Structure formats: structure tokens, C-alpha cells
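Quick note: residue numbers are just sequence positions, from 1. This structure is a prediction, so every number in the text was calculated from the model and none was measured. Just so you know, these numbers use all the heavy atoms, side chains as well, and skip hydrogens, waters and symmetry mates.
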Amino acid sequence: MTEVSHQQWGEVAGLGAVEIWVLQSSQVRVEVVTLGAIIRSVWSKGKDGQMEDVTLGFNDVEGYMSDTRYLGATVGRVANRIAKGHFVVEGKEYQLDINNGPNALHGGLRGFNKAIWLASAVEGGVQLSHTSPDGDQGYPGEVQVSVSYTLQGETLTVEYQARSTKTTPINLTNHSYFNLNGQGAADIYDHQVSISAQSYLPVDDTAIPTGEIRPVDGTPFDLRKPVLIGPRLKEVPGPGFDHNFCLSSPGDTWTERHAARVCHPASGRVLEISTSQPGIQFYTANFLDGSMTGKARVRYRKHSSFCLETQNWPDAVNQAAFPDCLLRPGEEYRHVTRFTFTTV
């Protein structure tokens with residue numbers, strides 16, 4: 001049985017009140033805020049029976065409004081990067097704001113993470129909805145979007161839905177940063193990760209996929225068996241992992257499948273992820289630099305956490321060989337991701 005409660009948590013000038021919703025089962029406690037449909041915290045038990053908050057976040061609304069790293073946020077319309085913020089749909093060119101080197105990232109300067117979503121109770125959780133107007137951040141069409149968070153036992157299920165009045169790229173995900181040793185722990189080097197992917201997408205020096213779909217065999221990106229993160233990071237080119245792992249091939253039916261597992265042996269905590277999305281972005285918090293102060297006045301530093309963002313492949317709107325990311329009028333965008341928190 002999941003207990004669901006909510007209360008006002010703060011206010012954003014010009015936007016209105018922000019609520020916090022608490023989902024509580026016997027094993028897991030989840031806090032969701034209506035600003036950005038953000039997962040503020042996830043409390044899970046270790047093998048010693050102690051609950052620990054394993055998700056990075058902020059103490060107040062102001063922290064999230066000034067956040068540039070998308071802690072816990074629902075990101076959209078398009079998660080990840082679009083090369084040069086430019087694409088063509090149905091013969092018309094669109095130019096988005098540039099907010100990540102030469103590229104557009106995570107929906108733009110004011111993406112879904114900075115909107116206050118409308119919340120309503122559903123069985124075992126909360127559903128949040130948002131209307132993105134035609135032309136929002138440069139994207140075509142009015143988009144009606146919802147995300148529901150439901151907790152059953154040790155599993156948090158996240159379901160996304162969207163409809164659009166015009167053909168538009170869409171790619172929604174959650175951008176939670178996890179540390180299974182607790183959100184204040186220094187790094188994730190003692191975590192073990194496995195990702196059920198036969199291939200990954202190499203990227204250029206601006207983190208845009210080159211177009212190649214490369215087998216993981218014989219590379220540092222072979223995570224099909226559990227790998228200790230610390231030593232493996234030394235083998236990965238650049239500051240760390242920030243790559244899409246291909247869970248399915250273009251043209252495959254998008255069915256829910258196991259995607260990833262992370263274990264922290266010392267605490268015994270395990271996170272398992274399944275999704276109906278064709279990709280998962282594994283990111284090792286390479287750009288956290290200690291400048292942000294989070295919950296419990298912790299400064300979040302490089303490699304202090306990991307993200308496993310279930311999503312379509314990056315820059316798919318510009319790469320014809322990638323899975324289709326366009327939502328057309330009359331169609332429904334829908335996908336599901338499950339996060340299961342257990343112990344070993």
C-alpha cells in the first residue's frame with residue numbers, strides 16, 4: 001500500500017505555487033515537486049535496514065530555479081542534444097536557442113524543467129501535466145504532455161504521454177542523479193554498473209553522435225557484465241561517460257525491456273531500470289564542479305553521481321538512420337520507465 005500526500009512547498013514569482021508530493025511504501029519514499037515534474041528525493045533501504053536519500057537535489061525552490069544541471073528534472077521537449085539547434089520537419093526549417101556549446105540541450109533555455117506542472121492524485125502516486133504552446137523554445141505545435149509517478153513496493157514507475165497539434169520532435173526523460181551510498185557521498189567509483197546494450201553511439205567533440213552505431217565489443221563501453229565504475233572511467237576518453245547505449249535497433253518494436261543495473265556493494269543497495277525506450281544515456285556527472293550546494297549543504301562535485309536517462313537516441317531529428325522521434329497530429333507519444341530499488 002502506497003501512502004500519497006502533498007503540500008505547498010514554495011512559490012515562483014510570476015509562475016505560482018509549487019507543491020511537493022510524497023509517495024511512501026514500506027520500502028521506498030519518493031518526493032516529487034511540481035516545478036519541472038522533478039524527483040527531489042528517493043529514500044531506499046540498505047542491507048543494514050537504514051533508509052538513505054540516494055538522489056541529488058536542493059533544499060528549496062530557489063535551488064531548482066537557478067539549477068543549470070537538471071537535477072531530478074523531467075526534460076523536454078527533446079532530451080539530450082540537437083546539433084546546432086537546427087532541424088527540418090516537413091520541409092520547414094526550425095532554429096532553437098543554443099544552450100550547450102554550439103548545440104541545443106534538454107529543450108532549451110526554459111524547457112519543461114522550469115515550468116510548474118499541474119498535479120492530480122492517481123492510485124499510488126501523482127500525475128503531472130503541462131501545456132507547451134506552439135513555438136515554445138522554437139519548437140512547432142502545441143504539445144499537451146503528462147508524466148505520472150506511481151510507487152508500488154520497491155518500484156517507481158514513470159509513464160510519459162504527449163500529443164501535438166503539429167509534427168514536432170519529442171523525447172522526454174527524467175534526469176535524476178543517483179548515488180546509492182547516499183546523495184552526500186563523494187563519488188561513485190565504488191559502484192558497479194551493467195547496461196544491456198550491444199552497441200553505443202560514438203560522439204564528436206561537442207557530444208553529438210557521429211552517426212556510427214558501434215558494437216561495444218572490445219571497448220570501454222562494454223558494460224554487459226557488471227563493471228566497477230572507478231577503474232573503467234580511466235579508460236573512457238574525455239571526462240567520463242556521457243553516451244547513448246542502444247537498447248534496440250532502428251525499426252525494432254519498442255517493448256519494455258531490462259536496461260541497466262547499478263549496485264553499491266558496501267551499502268547493498270541496487271537500482272534496476274527497465275524501459276520501453278530504445279536508448280539509455282549513461283552520464284557520470286562529469287560537469288558537476290562543486291559550485292552547486294545541494295541538500296544537507298553538500299557541494300556536488302565531478303563523478304559524485306550517475307544518471308541513466310531512458311530516451312530516444314540523441315539528435316535523432318537530424319539522423320535518418322536513428323529511431324524516429326517525430327510526434328504527428330493524431331498520434332500519441334507514450335513510454336514507460338521503471339526504477340526498482342532493492343538490496344543484496
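- Checked for salt-bridge contact, K166 and D134 meet the test: a charged N lies under 4.0 Å from a carboxylate O.
- Around the CD atom of Q319, the shell of radius 6.0 Å holds more than 12 heavy atoms that belong to other residues, nucleotides or ligands.
- Between P239 and N286, the closest heavy-atom pair is O-OD1, 3.4 Å.
- Through direct or indirect side-chain contacts shorter than 4.5 Å among Ile, Leu, Val, Met, Phe, Trp and Tyr, I116 is connected to W9, V12, L15, V18, I20, V33, L35, I38, L56, F58, V61, Y64, M65, L71, Y177, Y283, F287, L288, M292, V298, Y300.
- Salt-bridge formation is detected for the pair E256/R338: a Lys NZ or Arg NE/NH1/NH2 atom is positioned less than 4.0 Å from an Asp or Glu carboxylate oxygen.
- For F282 and H243, the gap between ring centers reaches or exceeds 6.0 Å.
- The local environment of NZ in K114 is crowded, with over 12 non-hydrogen atoms from other residues, nucleotides or ligands closer than 6.0 Å.
- Ionic pairing of K92 and E90 is not present here: no N-O contact between side-chain nitrogen and carboxylate oxygen is shorter than 4.0 angstrom.
- Every residue meeting the salt bridge (charged side-chain N to carboxylate O under 4.0 Å, His left out) condition with E235, not counting sequence neighbours, appears here in chain and number order: R232.
- Between R69 and D67, no side-chain nitrogen of the basic residue sits less than 4.0 Å from a carboxylate oxygen of the acidic one, so the salt-bridge criterion is not met.
- Smallest separation of non-hydrogen atoms from T206 and R81: O-CD, 3.7 Å.
- Between V227 and D222 the shortest heavy-atom distance is CG2-O, 4.1 Å.
- Between K295 and D53 a salt bridge is recorded (basic side-chain N to carboxylate O distance below 4.0 Å).
- Atom CD of E332 is surrounded by more than 12 heavy atoms from other residues, nucleotides or ligands within 6.0 Å.
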Legend entry - Verdict with reasoning, H130 to F112, per ring pair (Phe, Tyr, Trp, His ring centres under 6.0 Å): CA-CA 8 Å; H130 173 59; F112 289 178; 5.2 Å; yes

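- The shortest heavy-atom contact between V344 and C263 is CG2-SG, 4.0 Å.
- Under a hydrophobic clustering in which Ile, Leu, Val, Met, Phe, Trp and Tyr are joined whenever their side-chain heavy atoms come within less than 4.5 Å, directly or via other members, F221 and V203 fall into different clusters.
- There is no side-chain donor-acceptor pair under 3.5 Å between R261 and Q192.
- Other members of the cluster containing Y94 are V78, I82, F87, V89, L96, Y139, V317, L326, with ILVMFWY side chains joined at under 4.5 Å, either directly or via other members.
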